[in-house]
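These notes concern the structure reproduced below.
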Amino acid sequence: MDYLPIFAKLDERPCLVVGGGEVAWRKTRMLLKAGAAVTVVSPDADHEVASAAERGELVWVKEAFSPQHLDRMFLVIAATDNPLVNELVSNAANARNVLANVVDDTPKCSFIVPSVVDRSPIVIAISSAGKSPVLARLLREKLETLIPAHIGRMATLAGEFRDTLKTKVKTLTGRRKFWEMAFDGRFASLVAAGDENGAKAELENLTSGVSLQGEVALIGAGPGDPGLLTLRALQVMQQADVVLYDYLVSDEIMELCRRDAELICVGKRASYHSVSQEETNAMLIKHAQNGKRVVRLKGGDPFMFGRGGEELQVLQEAGVPFQVVPGITAAAGATAYAGIPLTHRDYAQTAMFITGHLKKEDDSFRWATLARGRQTLVIYMGLMKSGHIQQQLIHHGRAPDTPVAIIENGTRANQKIYKGQLSELESLAEGVGSPALIVVGEVVELADQLSWFGKQSFHTAGDAHASTVVNLG
């Protein structure tokens with residue numbers, strides 16, 4: 001180990017920065033954030049340094065560095081573009097046993113500044129001992145995506161509760177188990193939801209051992225590409241005890257669930273239902289009331305034709321706490337991957353999303369509104385009713401030659417796009433597999449120009465059931 005990793009408390013400690021440029025200001029700002037009393041030594045300085053000095057946030061000594069500037073300093077950072085000055089700072093600091101950092105010159109450093117993940121009071125530092133700062137930065141970026149933003153507030157609330165816990169739980173082992181339950185359970189979820197009063201109450205409940213309440217997280221998994229899964233969704237999925245998922249959730253996303261979670265498929269497919277909605281609701285309530293952290297995982301966004309609102313109503317009536325993690329809906333994700341913008345100044349100023357689960361006897365559907373020109377119509381679950389949709393749109397005024405596209409397995413490696421005209425929609429849909437999205441509107445023509453995902457290839461009517469269909473990706 002080339003360097004001993006330590007966290008120094010700099011509150012009001014005198015620290016010196018030599019240099020007044022952009023890099024010097026970055027280091028100065030870092031020290032100020034840590035509460036240091038900063039002095040900047042430089043004949044000239046950028047606007048930021050000068051402004052901070054005018055506000056009284058630091059002391060600016062407008063002269064060249066000399067070793068006397070190190071008197072009474074705790075540490076010094078040399079950030080000039082003059083190697084001789086930087087070397088002088090390093091040598092003078094070493095002679096006085098003052099910690100020194102010379103920017104981008106590791107051999108002259110007695111301390112180095114790590115890459116930092118700041119979730120104060122939780123702080124994580126990553127260092128490559130100066131060997132590869134870019135690698136350290138990349139590791140920091142990965143950790144930034146994995147560590148929730150609320151973890152700092154969670155640590156603060158835990159710190160405020162420590163003395164109370166000592167009076168109620170007398171043993172170290174008991175307190176350790178208490179915090180393991182809190183950080184891995186409902187307390188953490190309440191902090192993430194911004195309910196600090198509820199989080200504090202949960203800590204009180206845990207000291208009595210009476211908190212058996214689970215919860216349900218309704219999560220949108222997006223259209224299929226695991227890269228479109230939100231950070232919050234990933235974090236909650238990796239904490240789940242039970243995951244109730246739909247068929248539309250891709251295998252790649254299911255692989256991201258907690259490894260030892262119980263996985264239950266409750267999806268529905270056209271022509272048959274593997275699990276009724278009532279059974280799904282009952283399972284959500286049962287597992288949550290048994291103290292489990294339950295994830296209800298739906299493709300796309302759970303509030304976009306996903307019956308998520310209905311399921312939450314049932315949970316609310318049963319007194320089961322819940323949270324919602326939105327997802328990227330298929331209309332946004334699949335069309336983007338197909339190179340079809342939902343709106344465009346020259347082609348469409350409106351986008352409408354509807355479900356294709358239409359009832360023939362339902363006369364309330366406003367086809368005249370849906371058939372207007374210069375708008376994009378996106379139809380979910382419309383394959384089985386494609387003929388009816390084609391007939392009604394043309395009957396109510398949409399031009400038969402209006403461009404249409406069907407996007408099969410949107411955003412996934414096996415994505416396929418079938419293009420044609422509205423008059424061909426029914427034949428275009430023959431043999432297309434689910435999940436699929438129908439897009440009607442002039443913007444479809446832009447797919448040829450804006451194609452970007454994989455080796456984009458377009459198919460026409462009849463290709464869906466041909467033997468030589470080429471996959472995208």
Side-chain angles (χ1 to χ4, degrees), residues 1-55 57-118 120 123-144:
M1 187 166 60
D2 296 329
Y3 292 86
L4 175 67
I6 60 175
F7 289 87
K9 189 173 181 62
L10 298 184
D11 280 351
E12 298 304 321
R13 289 187 180 273
C15 298
L16 182 67
V17 176
V18 181
E22 179 184 353
V23 176
W25 170 242
R26 288 207 310 267
K27 303 303 181 183
T28 299
R29 190 172 52 189
M30 174 190 68
L31 293 172
L32 290 173
K33 186 176 180 181
V38 180
T39 298
V40 174
V41 172
S42 178
D44 303 299
D46 286 354
H47 172 73
E48 289 83 357
V49 174
S51 297
E54 290 176 3
R55 295 191 298 269
E57 297 173 2
L58 56 84
V59 175
W60 177 21
V61 178
K62 301 178 184 180
E63 56 190 47
F65 171 79
S66 67
Q68 288 73 26
H69 289 127
L70 289 169
D71 291 347
R72 297 182 301 279
M73 291 295 170
F74 180 69
L75 61 81
V76 60
I77 297 178
T80 80
D81 56 5
N82 188 326
L84 295 178
V85 173
N86 291 341
E87 184 173 10
L88 175 61
V89 173
S90 176
N91 292 338
N94 287 334
R96 287 168 170 75
N97 288 321
V98 174
L99 290 169
N101 175 269
V102 179
V103 176
D104 289 335
D105 197 346
T106 305
K108 293 183 176 63
C109 296
S110 56
F111 81 94
I112 56 178
V113 180
S115 290
V116 172
V117 178
D118 188 358
S120 294
V123 178
I124 301 172
I126 307 108
S127 171
S128 65
K131 302 296 191 298
S132 181
V134 173
L135 179 58
R137 176 177 59 80
L138 291 174
L139 290 174
R140 176 186 63 79
E141 291 172 357
K142 291 181 182 297
L143 289 174
E144 288 276 11

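Throughout, residue positions are numbered sequentially from 1 according to the sequence presented.
When the shell of 6.0 Å around CG of D105 is examined, it contains more than 12 heavy atoms from other residues, nucleotides or ligands. The environment of E141 atom CD is dense: over 12 non-hydrogen atoms of other residues, nucleotides or ligands sit within 6.0 angstrom.
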Quiz: residues 72-80 side-chain donor-acceptor pairs under 3.5 angstrom, not counting sequence neighbours:
residue, atom, partner, partner atom, Å
T80, OG1, N82, N, 3.1
T80, OG1, N82, O, 3.3
T80, OG1, N86, OD1, 2.8

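With sequence neighbours excluded, no residue satisfies salt bridge (charged side-chain N to carboxylate O under 4.0 Å, His left out) with K62. Shown here are the salt bridge (charged side-chain N to carboxylate O under 4.0 Å, His left out) partners of D118, two or more places apart in sequence or in another chain: K33. Annotation: side-chain contact (heavy atoms from CB on, under 4.5 Å) contacts of A52 (sequence neighbours excluded): W25, R55, E57, L58. Listed by chain and residue number, nothing satisfies the side-chain contact (heavy atoms from CB on, under 4.5 Å) test with D81 (two or more places apart in sequence, or in another chain). For A34, the side-chain contact (heavy atoms from CB on, under 4.5 Å) partners are L10, not counting sequence neighbours.
Looking only at side-chain heavy atoms (C-beta outward), S115 and L139 stay at 4.5 Å or farther from each other. Using a 4.5 Å heavy-atom cutoff, the side chains of L4 and F111 are not in contact. You'll find the side chain of D2 reaches within 4.5 Å of the side chain of K131, heavy atoms only. Side chains of V38 and V17 form a contact here, defined as non-hydrogen atoms less than 4.5 Å apart. Residues V40 and V59 are not in side-chain contact: their nearest non-hydrogen atoms beyond the backbone lie 4.5 Å or more apart. Within the 4.5 Å cutoff, the side chain of V116 has heavy atoms near those of the V123 side chain. For the pair P14/T39, no side-chain contact is recorded, criterion being any heavy-atom separation below 4.5 Å from C-beta on.
Scanning both residues, Y3 and C109, for their nearest heavy atoms gives OH-O, 4.2 Å. Contact detail for I112 and S127: the closest heavy-atom pair is CD1-OG, 3.2 Å. The two residues G20 and S42 come nearest to each other via the heavy atoms N-OG, 3.5 Å. Closest heavy-atom contact between N101 and V103: OD1-N, 3.8 Å. Of all heavy-atom pairs spanning W60 and A53, the tightest one is CB-CB, 3.9 Å. Between E63 and H69 the shortest heavy-atom distance is OE2-NE2, 2.7 Å.
Here the CG atom belonging to L143 is positioned 11.5 Å from the CG atom belonging to L138, to the nearest 0.5 angstrom. Rounded to the nearest 0.5 angstrom, H47 NE2 and E22 CD are separated by 14.0 Å. Interatomic distance, CZ of R137 versus CD of E144, reported as 12.0 Å (0.5 Å rounding). Here T28 contributes atom OG1 and D46 contributes atom CG; the two are 10.5 Å apart, rounded to the nearest 0.5 Å.
Under the 3.5 Å distance criterion, the side-chain polar atoms of R13 are matched with a main-chain donor or acceptor of K9. Of the possible polar contacts, one joining the S90 side chain to the K108 backbone as a donor-acceptor pair under 3.5 Å is found. Without hydrogens or angle criteria, S132 side chain to S128 main chain gives no donor-acceptor distance under 3.5 Å.
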> Where do R140 and I124 land on the side-chain contact (heavy atoms from CB on, under 4.5 Å) test, with the steps shown first?
Replying inline: CA-CA 9 Å; R140 176 186 63 79; I124 301 172; over 6 Å; no
